[in-house]
K.L.:
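First the structure, then my questions, so here it is.
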Amino acid sequence: MTEQLTQKEIQLAELRERIEENGALEQGFSTKLLNHIDPWVLAEAVRYVATECPVDLKTDNVTIQAMIIDKALVVMNDEEFEAVAPYFLGTSKIFEGDQHD
């Protein structure tokens with residue numbers, strides 16, 4: 001028996017796939033998103049960026065934030081992703097009726 005996905009679940013999965021393929025920067029993330037990532041997920045993402053990514057003093061903050069978000073998306077589960085998804089541009093129709101700051 002297959003579980004039927006709701007339209008919202010399908011759209012969230014498609015959004016996540018686009019972000020994972022193209023990066024948070026291409027999807028238009030809001031810096032507010034960083035305030036809504038679970039601290040443990042955020043710490044794991046920061047550790048990865050600090051140790052594995054080509055970052056130096058000349059790397060701009062937006063690029064670093066996008067790298068952190070890119071890694072955080074890989075670490076977070078579907079529920080955590082749904083909580084931060086509204087902070088990407090173009091997600092308003094997925095969340096019609098939901099309230100977010």
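Count residues from 1 along the sequence. Note that the coordinates shown come from a computational prediction; the quantities given were computed from them, not determined experimentally.
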K.L.:
Identify whether V55 and L73 are in the same connected component of the hydrophobic contact network (ILVMFWY, side-chain heavy atoms under 4.5 Å).
P.N.:
yes
K.L.:
Listed by chain and number, what are the side chain to side chain contact (heavy atoms under 4.5 Å, CB included) partners of N22, not counting sequence neighbours?
P.N.:
R18, E26
K.L.:
If you compare all heavy atoms of R16 against all heavy atoms of F81, which two are closest, and at what distance to 0.1 Å?
P.N.:
NH1-CB, 3.5 Å
K.L.:
Between Y87 and V62, is there a shared hydrophobic cluster once you connect ILVMFWY residues whose side-chain heavy atoms come closer than 4.5 Å?
P.N.:
yes
K.L.:
Quick one: list whatever passes side chain to side chain contact (heavy atoms under 4.5 Å, CB included) with I10, sequence neighbours left out.
P.N.:
L5, E14
K.L.:
Which atom pair, heavy atoms only, marks the closest approach of A45 to A72?
P.N.:
CB-N, 3.6 Å
K.L.:
First locate atom CG of L33, then atom CG of L42, and finally report the distance between them rounded to the nearest 0.5 Å.
P.N.:
10.0 Å
K.L.:
Can you name the side-chain hydrogen bond (donor to acceptor under 3.5 Å, both in side chains) partners of Q11, sequence neighbours left out?
P.N.:
none
K.L.:
At their closest point, which heavy atom of I69 faces which heavy atom of F88, and how far apart are they?
P.N.:
CG2-CZ, 3.9 Å
K.L.:
State whether the side chain of E20 and the backbone N or O of E17 hold a donor-acceptor pair below 3.5 Å, judged by distance alone.
P.N.:
no
K.L.:
My understanding is that only residues two or more places apart in sequence, or in another chain, count here; which of them pass side-chain hydrogen bond (donor to acceptor under 3.5 Å, both in side chains) with N61?
P.N.:
none
K.L.:
Is any side-chain heavy atom of D38 closer than 4.5 Å to one of M76?
P.N.:
no
K.L.:
Applying side chain to side chain contact (heavy atoms under 4.5 Å, CB included), can you list everything that pairs with T63, at least two apart in sequence or on another chain?
P.N.:
T59, D60, M67
K.L.:
L12 and A85: which non-hydrogen atoms are nearest, and at how many Å?
P.N.:
CD2-CB, 3.6 Å
K.L.:
Of the non-hydrogen atoms in E9 and T6, which two are nearest, and what is the gap between them?
P.N.:
OE1-N, 2.8 Å
K.L.:
Does a sphere of radius 6.0 Å around CD in E79 hold more than 12 heavy atoms from other residues, nucleotides or ligands, not counting ones at 6.0 Å or beyond?
P.N.:
no
K.L.:
Which residues pass the side chain to side chain contact (heavy atoms under 4.5 Å, CB included) test with V75, sequence neighbours left out?
P.N.:
V41, E44, K71
K.L.:
Shortest non-hydrogen contact from A24 to A66?
P.N.:
CB-O, 4.1 Å
